[in-house]
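Data block below; observations after.
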Amino acid sequence: MPQGQPSSVPDDGLTTRQRRNRPLTIVHTGIGKGKSTAAFGLALRAWNQGWPIGVFQFVKSAKWKVGEERALRVLGDSGEGGTVAWHKMGEGWSWVQRDIADSEEAAREGWEQVKRDLAAETYQLYVLDEFAYPMHWGWVDTDEVIQVLADRPGTQHVIITGRNAPEKLVEAADLVTDMSKVKHPMDAGQKGQRGIEW
């Protein structure tokens with residue numbers, strides 16, 4: 001899109017303003033690093049616009065202390081931009097799965113809460129962090145997710161992150177980025193580090 005101009009304008013009867021302000025479904029997927037980080041970058045932009053933001057972490061361990069959470073909570077409480085609500089779905093999940101049944105139930109409960117919030121138009125931006133996994137594993141029905149997002153009221157934007165985003169979701173989304181890995185320090189045996197991975 002050179003100079004911010006779309007390459008084509010659909011003949012859909014919408015004005016430029018109507019088309020510009022329609023809600024987006026955004027997917028960050030792929031095996032590369034940066035999917036959640038990019039979503040939180042968009043949350044910073046939303047905060048600056050004064051939008052209420054809801055973050056729903058689906059499968060990362062609820063015990064993890066992530067820098068993005070602290071930063072967005074401080075910003076949300078500052079009274080200068082939008083509000084920020086941070087929801088951790090149960091005990092979450094880490095790279096070593098222990099109690100899959102509890103994680104599956106927590107993911108389903110989390111999706112039910114997202115549906116309630118979408119219906120109530122609670123937030124203007126939703127970050128559904130690692131939500132691609134519950135769909136990929138069959139814990140949450142992808143077709144239902146697509147339909148709920150298609151039917152959501154207002155101008156609520158939804159970002160879904162995680163590897164292995166279902167192809168149906170990718171097709172239905174408005175903006176999809178596939179993060180591919182070219183090189184990572186872990187390939188050379190280096191563990192994750194403070195300020196980079198968390």
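Counting begins at 1 with the first residue of the sequence.
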Do Ser36 and Asp129 have a side chain donor and acceptor closer than 3.5 Å? yes

Walk me through whether Glu112 and Lys115 qualify under salt bridge (charged side-chain N to carboxylate O under 4.0 Å, His left out). CA-CA 5 Å; Glu112 291 301 318; Lys115 290 195 303 186; 3.0 Å; yes

Starting at CZ of Arg163, measure out to CG of Asp178 and round the result to the nearest 0.5 Å. 11.0 Å

So OG1 of Thr155 and CG of Leu24: to nearest 0.5 Å the spacing works out to 10.0 Å

To the nearest 0.5 Å, atom CG of Leu149 lies from atom CD of Gln156 at 10.0 Å

All heavy atoms of Thr29 vs all of Ala165, minimum pair found to be OG1-N, 3.2 Å

Find out if a path of hydrophobic residues (ILVMFWY) with successive side-chain heavy-atom gaps under 4.5 Å connects Leu44 to Leu175. yes

So CZ of Arg22 and NE2 of His157: to nearest 0.5 Å the spacing works out to 10.0 Å

Single-linkage hydrophobic cluster, 4.5 Å side-chain cutoff, Met179 and Phe58 together: no

Going by the ring pair (Phe, Tyr, Trp, His ring centres under 6.0 Å) test, which pairs reach into residues 103-124, not counting sequence neighbours? Trp111-Phe131, Tyr123-Tyr126

If you define the side chain from C-beta out and look only at heavy atoms, does anything of Glu69 sit under 4.5 Å from Phe40? no

Within the structure provided, determine whether Thr37 and Glu68 are in side-chain contact (heavy-atom separation under 4.5 Å). yes

When hydrophobic residues are tied together by side-chain contacts of less than 4.5 Å, even through go-betweens, does Tyr133 share a cluster with Val170? yes

Less than 4.5 Å apart, any side-chain heavy atom of Val114 and any of Val148? no

Is there a side-chain contact between Met135 and Lys168 (heavy atoms, below 4.5 Å)? no

Minimal non-hydrogen separation, Thr161 against Ala39, with atom names: CG2-CB, 3.7 Å

Are the side chain of Trp47 and the backbone N or O of Leu75 linked by a donor-acceptor pair below 3.5 Å? yes

What heavy-atom pair brings Ala119 and Pro153 nearest, and what distance separates the two atoms? O-CG, 4.1 Å

Counting distance only, does the side-chain N/O of Thr142 pair as donor-acceptor with the main-chain N or O of Pro166 below 3.5 Å? no

For side chain to side chain contact (heavy atoms under 4.5 Å, CB included), just list the numbers for Val127 and His28, CA-CA rounded to whole Å, side-chain angles, deciding distance to a tenth of an Å, and then say yes or no. CA-CA 11 Å; Val127 177; His28 296 169; over 6 Å; no

For Asp187 and Lys183, indicate whether the former's side chain and the latter's backbone hold a donor-acceptor pair under 3.5 Å. no

Heavy atoms from other residues, nucleotides or ligands near CZ of Arg70 exceed 12 (cutoff 6.0 Å): no

State the CD1-NE2 distance between Ile31 and His184, to the nearest 0.5 angstrom. 11.0 Å

Measure the shortest side-chain to side-chain distance between Gln147 and Asp141 over non-hydrogen atoms and say whether it is less than 4.5 angstrom. no

Any side-chain donor paired with an acceptor under 3.5 Å for Asp117 and Gln113? yes

Taking the side chain as every heavy atom from C-beta outward, state whether Ser103 and Trp137 have any atom pair closer than 4.5 Å. no

Nearest heavy-atom approach of Met186 to Gly192 is CE-N, 3.5 Å

Establish, from distance only, whether the side-chain atoms of Gln57 and Trp86 form a donor-acceptor pair under 3.5 Å. yes

Heavy-atom side-chain proximity of Val158 to Leu128 below 4.5 angstrom: yes

Using 0.5 Å steps for rounding, measure from the CG atom of Leu125 to the CH2 atom of Trp51. 6.5 Å

Check this for me: Arg116, atom CZ, are more than 12 non-hydrogen atoms of other residues, nucleotides or ligands nearer than 6.0 Å? yes

Are the side chains of Gln49 and Gln124 in contact, using a 4.5 Å heavy-atom criterion? no

Test your reading of the model: is there a side-chain donor-acceptor pair from His87 to the backbone of Phe56, 3.5 Å cut-off? no

